Amino acid sequence: TTKRYYDRAGGVMPARLPTLTIGDGTNSWGDFNGTNQAPFSAALDALPTTGGIIYVKRGTYAFTTGLSTAKPLILVGEGVGVSIIQNGDVAVPALTWTGTSFLVIRDITLRVEAGAAVGNILTLTPPILGVAGIRILFENASILGRFQATLNTAGQDNIRARFSNCAFTNGQTAGATILEAVRGIFV
């Protein structure tokens with residue numbers, strides 16, 4: 001198997017992370033194909049415990065069940081409004097991240113399906129005690145619907161979060177809860 005790496009700038013990514021691709025199976029093709037959460041689940045399972053990159057190709061992916069991971073993850077799409085992860089009427093978030101290293105969401109739209117009764121699109125709940133260096137980056141992303149981030153540093157200076165060129169539209173009650181100081185840049 002040939003290892004591929006995603007680097008949109010053409011430079012060297014730290015540690016050259018393994019990359020898996022997801023396509024919708026109609027307009028785009030990848031290592032895993034489909035229009036629901038199944039290819040994402042397979043890609044997460046295929047990533048090593050050290051994490052990697054999941055590159056989401058053009059398409060709309062409607063989740064009917066939630067996924068959870070603690071792996072370091074870079075989730076990259078082909079652009080806002082081009083690569084779309086949509087959460088249907090489920091009682092759990094489309095994606096829950098509980099990692100201890102890094103999460104990057106870039107060039108993608110995450111949204112709750114219109115008319116969905118419940119369900120956050122994304123929940124971030126990294127553990128904090130005894131963990132150093134948690135990094136969260138949202139760049140060129142659109143989050144439409146419920147987004148919940150609970151970042152509790154418990155007095156530790158270990159979580160850095162950055163939001164750059166992002167649109168957050170919340171049609172329901174939820175939101176970001178930051179307990180104590182989270183050192184980071186919010187743009």
Side-chain angles (χ1 to χ4, degrees), residues 6 8 19-47 51-99 102-126 136-151 161-177 186-187:
Y6 167 78
R8 69 181 181 157
T19 299
L20 298 172
T21 58
I22 294 176
D24 68 6
T26 302
N27 300 307
S28 61
W29 295 90
D31 299 311
F32 303 94
N33 297 293
T35 57
N36 59 17
Q37 71 282 347
F40 291 84
S41 179
L44 285 170
D45 289 346
L47 285 177
I53 299 168
I54 296 178
Y55 184 77
V56 183
K57 293 185 174 185
R58 172 181 304 272
T60 298
Y61 305 88
F63 282 30
T64 55
T65 60
L67 299 176
S68 181
T69 187
K71 293 179 180 180
L73 178 63
I74 299 175
L75 185 65
V76 181
E78 290 190 348
V80 171
V82 177
S83 298
I84 301 166
I85 295 176
Q86 178 172 286
N87 196 17
D89 191 6
V90 297
V92 296
L95 179 63
T96 298
W97 185 74
T98 58
F102 63 85
L103 171 68
V104 175
I105 305 286
R106 177 180 288 145
D107 298 322
I108 199 163
T109 297
L110 305 175
R111 73 177 181 210
V112 173
E113 182 179 324
V118 294
N120 293 337
I121 187 64
L122 178 66
T123 299
L124 308 177
T125 55
I136 298 171
L137 170 65
F138 282 73
E139 183 176 59
N140 302 323
S142 179
I143 313 297
L144 307 173
R146 293 171 59 128
F147 165 74
Q148 180 177 353
T150 303
L151 306 175
R162 180 173 184 242
F163 299 84
S164 175
N165 194 29
C166 294
F168 290 85
T169 304
N170 186 353
Q172 302 177 27
T173 58
T177 304
F186 297 89
V187 179

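Positions are given from 1, in the same order as the sequence printed here. The shown structure was predicted, so the numbers you read here are calculated from the model rather than taken from an experiment.
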Side chain to side chain contact (heavy atoms under 4.5 Å, CB included) evaluation trace for Leu95 with Leu110: CA-CA 10 Å; Leu95 179 63; Leu110 305 175; over 6 Å; no
Minimal non-hydrogen separation, Lys57 against Gly30, with atom names: NZ-CA, 4.5 Å
Student check: side-chain heavy atoms of Thr26 and Thr35 closer than 4.5 Å: no
Derivation and outcome, side chain to side chain contact (heavy atoms under 4.5 Å, CB included), residues Asp24 and Arg58: CA-CA 7 Å; Asp24 68 6; Arg58 172 181 304 272; 5.7 Å; no
Thr69/Trp97 under side chain to side chain contact (heavy atoms under 4.5 Å, CB included): CA gap, chis, key distance, verdict: CA-CA 5 Å; Thr69 187; Trp97 185 74; 4.0 Å; yes
Passing option when Ile54 is tested against Thr19, Leu47, Ile74 for side-chain contact (heavy atoms from CB on, under 4.5 Å): Leu47
Distance, nearest 0.5 Å, that separates CZ of Arg106 from CG of Leu137: 5.5 Å
Closest approach of Ala43 to Leu20 (non-hydrogen atoms, all atoms of both residues): O-CD1, 3.4 Å
Rounded distance (nearest 0.5 Å) linking atom CG of Asn87 with atom CG of Leu67: 9.5 Å
Exercise: identify the closest heavy-atom pair between Ile108 and Ser83: CG1-O, 3.2 Å
Polar side-chain atom of Lys71 near backbone of Gly52 as donor-acceptor pair, under 3.5 Å: no
CG on Asn140 to OG1 on Thr109, rounded to 0.5 Å: 10.5 Å
side-chain contact (heavy atoms from CB on, under 4.5 Å) partners of Ala70, counting only residues at least two apart: Thr98
Exercise: do Thr60 and Gln86 side chains pair donor with acceptor under 3.5 Å: no
Check: Thr64 main-chain N/O paired with Gln37 side-chain donor or acceptor under 3.5 Å: yes
Heavy-atom side-chain contact between Leu75 and Val56 under 4.5 Å: yes
Exercise: identify the closest heavy-atom pair between Ala46 and Phe32: CB-CZ, 3.9 Å
Sidechain-backbone polar pair: Asp31 side chain, Thr21 backbone, donor-acceptor under 3.5 Å: yes
Nearest-0.5 Å distance that lies between atom CG in Asn165 and atom CD in Glu139: 8.0 Å
Closest approach of Ser28 to Asn33 (non-hydrogen atoms, all atoms of both residues): O-OD1, 3.9 Å
Results of ring pair (Phe, Tyr, Trp, His ring centres under 6.0 Å) for Phe40 - residues two or more places apart only: Tyr61, Phe63
